[in-house]
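Numbering of ligands and ligand atoms starts at 1, following listing order. Source: prediction; values computed, not measured. Scope of the values below: all heavy atoms of this structure, side chains included, with no hydrogens, waters or symmetry mates.
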Amino acid sequence: MSNDLARQTALVTGATAGIGRATALALAARGADIIVHGRDGERAAGTLRQIEALGATARFEPADLSHPAEVIALAERAGDVDILINNAGIFRFARTGDTDPATFDAHIAVNLRAPFLLVQALAPGMAGRGHGAIVNISSGAATTPGLGSGIYGATKAALESLTRVWAAEYGPDGVRVNAVAAGPTRTEGTAVHGDAFESAGQAVALKRLAHPEEIAEAVAFMASPGAGYVNGAVLSAMGGQPALG
Ligand SMILES: NC(=O)c1ccc[n+]([C@@H]2O[C@H](COP(=O)([O-])OP(=O)(O)OC[C@H]3O[C@@H](n4cnc5c(N)ncnc54)[C@H](OP(=O)(O)O)[C@@H]3O)[C@@H](O)[C@H]2O)c1
C-alpha cells in the first residue's frame, strides 16, 4: 500500500462500523492519522485496535450527530484536519405514508445537517492551509427511486447537490469535495435486513453485495493525491446497472 497520506489527519464520521470503519483502515494504510468518530465506545475501541495494528495513529471522538451542538463540538475537538469523510448515516426504510416526522427529522439531522455543519466548520481551515479533501458518502438511493427509501434518498440527493456547491466554493483554495455513491454493502447497519438484503445484490450488474472494503478503496482514492484533479464528482461504486432485455 502507498504512503501517500502520510502526515495527513483524517476525520471519519461513523468509523465504528461498516463502510466508515473500512474507510478509516484504508486511509490509515496510506499513512494518515485517523480521528475515529461514532457513538459506541466498544466499537470504537475495535477500530482503534485495527488501525494501531497497521502502525498508524488514531483517537476516538464521540458525538451524537443528531444534535447540532455535538457536531460543532466534534469539529472543534478535531482541530486542523486535512481529510473529512462524511460517512455516518442512518437508513430507516418506510414508504411515505409510514414516515413519521421524527423519522424524517432524524434523516435530515444525521445525513444532511451534520455533514453541512462539519464542512462549514472544517473547510475554511483547509482552504486557509491551501489543501484538503472531503468525501461524502452517498447512495444509489439518491438517483434511483426505491419503495421505502424516499426520505433517505432525498438526503443523499441533497448531499450530492451540496458536494457540487462545496467543490465550487472551496476548490479555488485547493480543497476538493467529492462523493462516493455506494451500492448495497454488507455492514452492521444492513445486517438487520438478513437474507432479504441479498436480493439487492442481485439487482446490480455484478450480481452480489459489496464488501465495505471495496467502497472504502473508492473513498480513499477520492481523498488521495491521485485524485488531485477530481472535484465535484460523484463516483459510482454501485456494482453497475444491469441492461434491460
Ligand atoms: N450499507 C449500504 O448498503 C450502504 C449503501 C449506500 C450508502 N450507504 C451509506 O454509507 C454510510 C455508512 O453505512 P453503513 O452501512 O456502513 O452503516 P452502519 O453499519 O449502520 O454504521 C453507521 C455508522 O454511523 C454512525 N452513526 C449512525 N448514527 C449516528 C449518530 N446519530 N451520531 C453519530 N454517529 C452515528 C454509527 O456509529 P455508532 O454505531 O458508534 O453509533 C456507525 O459508525 C451511510 O451514510 C449510508 O447511508 C450504505
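- Residue Phe93 qualifies as enclosed at atom CZ: its count of foreign heavy atoms under 6.0 Å is above 12.
- Grouping Ile, Leu, Val, Met, Phe, Trp and Tyr by side-chain contacts under 4.5 Å, direct or through others, puts Ile83 with Leu5, Val12, Ile19, Leu25, Leu27, Ile34, Val36, Leu48, Ile51, Leu54, Phe60, Ile85, Val135, Ile137, Val180, Ile215, Val219, Phe221, Met222, Val230, Leu235.
- Across all their heavy atoms, Ala15 and Ala24 have their closest contact at CB-CB, 4.2 Å.
- Each of Gly14, Ala15, Thr16, Ala17, Gly18, Ile19, His37, Gly38, Arg39, Asp40, Arg43, Ala63, Asp64, Leu65, Ser66, Asn87, Ala88, Gly89, Ile90, Phe91, Val110, Ile137, Ser138, Ser139, Tyr152, Lys156, Ala182, Gly183, Pro184, Thr185, Thr187, Glu188, Gly189, Thr190, Phe197 has a non-hydrogen atom positioned under 4.0 Å from some atom of ligand 1.
- Judged by distance alone, the side chains of Asp33 and Thr57 do bring a donor and an acceptor atom under 3.5 Å apart.
- Each of Asn87, Thr16, Leu74 was scored for a side-chain contact (heavy atoms from CB on, under 4.5 Å) with His37, with one residue passing: Leu74.
- Ring orientation note: the planes of Tyr152 and Phe91 are nearly perpendicular, at an angle over 60° on the 30°/60° scale.
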